[in-house]
Amino acid sequence: MSPYAAGRHRVHRSVAAGVPLAVLAAFVVAGPAVGAPSREARVTGSATLGELPLGTFSNGLLPGTVADDRGVDLGGIGSDIYPAGRKGEFWTVTDRGPNGQIKVDGVKRRTFPVPGFDPAIVRIRVSGASVKVLDSIPVTTSSGRPVTGLPNQKARDEAPYSYDAKTPLSFDPNGLDTEGIVRAADGSFWLVDEYGPSLVHVSARGKVLTRFVPKGLNLTGAGYPVVEALPAVLLHRKINRGFEGLALLPGGDLVLAVQSPLSLPDTDAGEASLTARLLRFSTKKHAVTAEYAYRFDPVGVVDPGEDDPSELKISSVVAVGRDRLLVEERTDNAARLQVVKLTRGADILGDTWDDSTTSPSLEQLENPAASGVPVLRKRLVVDLGKVKGVPGKIEGVARVDRDTLALINDNDFGMTDGTGAFDAQGRLVDSGIETTVTYVRLPRGI
């Protein structure tokens, strides 16, 4: 049990900043693994991250960044998971921090209850039923200042507000909504971000080396190099649905997944579309070398009972061969993992579909293949919605071995939307959803 909790109830905390994370990281014992017939995919283990005050975590990395964590604990590290080279150890990354939505006069406002929070790379170890924080690296500018998780550009990004949606906050050109993570052979990290959307190269100690963004983004004022190297068509990404998945291929190339179909030519088209895009990026050339069309299954197939295609997302991509990729397509309640092969014949980079004036757009085509678009062929590996014991909102997938996957969920820092997210004293009313690493064994491997 966490020293900051009694049962499931939060108690007063008084912990000095700077205490070693290895001492502070507390763990909650998860329930027993749930079995299934050996011919089916099954959960073989589950481990849970305990409560660690977000202020203690953040100020231990960058002193003075968080004045008031409003009772929020460390969470959100389930944006992605990547093997760290030792058994049971993984690299994870937080997203932009605690955030929610509150309607004011019928319009949703994006809230940032802990605006000083800085996205971080977190190394964890799964030990039995517990998840332990081994190391944490803050993501910073070239001068070592926090990048923050705040939106970048007025009009393009949602305006940020205080926890109660009453006080406007400032935009920050350095801000990153980090999602996917991989670690390169030289020890540096590559991350993807939803705002730009962007691909971010980060040093082994967390300093942003370069942020690659779409051509024409015109992001100014950042405290690190910004390079317009991605296709301009990505400027049409849906708000909060930029890059989410990131994979490192054996040859060193990266694959970036746009979370949702682009809003081309408009929001309605993107909401109804089943066609998303993957990009191949050369880390040697610092350039996009290929683009692929990925077709979602109907939303009711992925998540029976759901009828809104805009709920479909790609949250994780994992290399499982030289040009083979495991793709997670999901809603918040269910997920399916598909294998695709990235072939030269499927490359649409620079084609008419990258021209935002093309009509109908790629996103508008009801049957892209019938219109001559080389959609990636896919094969279902596992329907996680049918595997008992898998949590909802799985955002990170890692391949442990041929037969075993490690999954991690995004618990959104225990936040919910609406005015009930915080009590009268401005303290979090925790959702009770924990960050969990779940092992799933596949009967036929990948």
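Reckoned from all heavy atoms, side chains included, excluding hydrogens, waters and symmetry mates.
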- Output yes when a side-chain donor or acceptor of N409 lies under 3.5 Å from a complementary backbone atom of E434, and no otherwise. yes
- Message: Using a 6.0 Å cut-off, check whether atom CZ of R399 has over 12 heavy atoms from anything other than its own residue.
- Response: yes
- Note on the structure: Looking only at heavy atoms, the pair that brings E291 and L279 closest together is CG-CD2, 3.5 Å
- Any donor and acceptor pair, going by atom type alone, linking the side chain of S273 with main-chain N or O of T275 inside 3.5 Å? yes
- Query: Any donor-acceptor pair under 3.5 Å linking the side chain of S203 with the backbone of R205?
  - Reply: yes
- Message: Could you tell me if the side chain of R330 sits less than 4.5 Å from the side chain of F296, heavy atoms only?
- Response: no
- Item | Full working for side-chain hydrogen bond (donor to acceptor under 3.5 Å, both in side chains) between T141 and N174 | CA-CA 7 Å; T141 65; N174 290 314; 5.7 Å; no
- Is it true that D354 and R277 have a side-chain N and a carboxylate O under 4.0 angstrom from each other? yes
- Item | Contacts of F90 that satisfy ring-ring contact (aromatic ring centres under 6.0 Å, His included) - sequence neighbours left out | none
- Query: How about P197 and V258: do any of their side-chain heavy atoms sit closer than 4.5 Å?
  - Reply: no
- Query: Do L134 and E89 come within less than 4.5 Å of each other through their side chains, counting heavy atoms only?
  - Reply: yes
- Note on the structure: From the list K378, K313, R295, side-chain hydrogen bond (donor to acceptor under 3.5 Å, both in side chains) with E329 holds only for K378
- Task: In plain terms, say whether D423 and R70 are close enough for a salt bridge, that is, a side-chain N and a carboxylate O under 4.0 Å apart.
- Result: no
- Message: I'd like to know if K103 and D105 make a salt bridge, using a cut-off of under 4.0 Å between side-chain N and carboxylate O.
- Response: no
- Message: For F112 and N99: C-alpha separation, side-chain torsions, deciding distance, then whether side-chain contact (heavy atoms from CB on, under 4.5 Å) applies.
- Response: CA-CA 5 Å; F112 289 81; N99 67 93; 4.3 Å; yes
- Item | Test salt bridge (charged side-chain N to carboxylate O under 4.0 Å, His left out) applied to R427 and D68, step by step | CA-CA 10 Å; R427 313 306 288 170; D68 183 357; 2.9 Å; yes
- R237 bridged to E194 by N-O distance under 4.0 Å: no
- Task: Search all heavy atoms of L380 against all heavy atoms of L337 and return the closest pair with its distance.
- Result: CD1-O, 3.6 Å
- Hey, mind stepping through D412 and I433 against side-chain contact (heavy atoms from CB on, under 4.5 Å) and telling me if it holds? CA-CA 8 Å; D412 293 318; I433 299 173; over 6 Å; no
- Query: Does R211 pair with D193 as a salt bridge, N-O distance under 4.0 Å?
  - Reply: yes
- Task: Applying side-chain hydrogen bond (donor to acceptor under 3.5 Å, both in side chains) between S260 and each of E363, K238, R241, report the one that passes.
- Result: R241
- Item | Modelled atom types, side-chain donor and acceptor of T438 and T436, under 3.5 Å | no
- Message: Would the distance check show the side chain of D417 and the main-chain N or O of Q101 forming a donor-acceptor pair, the cut-off being under 3.5 Å?
- Response: yes
- Measure the CG-OG1 distance between D430 and T416 for me, rounded to the nearest 0.5 Å. 9.0 Å
- Item | V208 side chain near S142 side chain, heavy-atom distance below 4.5 Å | no
- Taking it one step at a time, do F117 and D69 satisfy side-chain contact (heavy atoms from CB on, under 4.5 Å)? CA-CA 9 Å; F117 175 79; D69 63 17; over 6 Å; no
- Query: What's the spacing between T92 OG1 and R123 CZ if we round to 0.5 Å?
  - Reply: 11.0 Å
- Query: Can you find a side-chain donor-acceptor pair between S58 and T65 that sits under 3.5 Å?
  - Reply: no
- Message: Would L376 and L278 count as a side-chain contact (heavy atoms from CB on, under 4.5 Å) here? Give the steps.
- Response: CA-CA 10 Å; L376 290 174; L278 307 178; 3.7 Å; yes
- Item | Donor on one side chain, acceptor on other, Y82 and R183, under 3.5 Å | no
- Message: Ignoring hydrogens and geometry beyond distance, is a side-chain donor-acceptor pair present between S315 and E244 at under 3.5 Å?
- Response: yes
- Salt bridge K215-E228, side-chain N to carboxylate O under 4.0 Å: no
- Task: Evaluate the criterion side-chain hydrogen bond (donor to acceptor under 3.5 Å, both in side chains) for residue pair S310 and D308; output intermediate values, then yes/no.
- Result: CA-CA 5 Å; S310 71; D308 184 356; 2.8 Å; yes
- Task: May I ask you to test the T435-V131 pair for a side-chain heavy-atom distance under 4.5 Å?
- Result: no
- Smallest separation among heavy atoms of A319 and A247, with atom names: N-CB, 3.8 Å
- Query: Does a donor on one side chain and an acceptor on the other come within less than 3.5 Å for S188 and D186?
  - Reply: yes
- Item | Backbone N/O of P113 and side chain of T111: donor-acceptor pair under 3.5 Å | no
- Task: Hey, can you tell me if F212 and W190 have their rings parallel, tilted or perpendicular (30° and 60° cut-offs)?
- Result: parallel
- Query: Between D118 and R96, does at least one N-O distance fall below 4.0 Å, as a salt bridge requires?
  - Reply: no
- Item | Sub-4.5 Å side-chain heavy-atom contact between V255 and L249 | yes
- Query: Looking at D80, L176, I77, D177, which hits side chain to side chain contact (heavy atoms under 4.5 Å, CB included) with D95?
  - Reply: D177
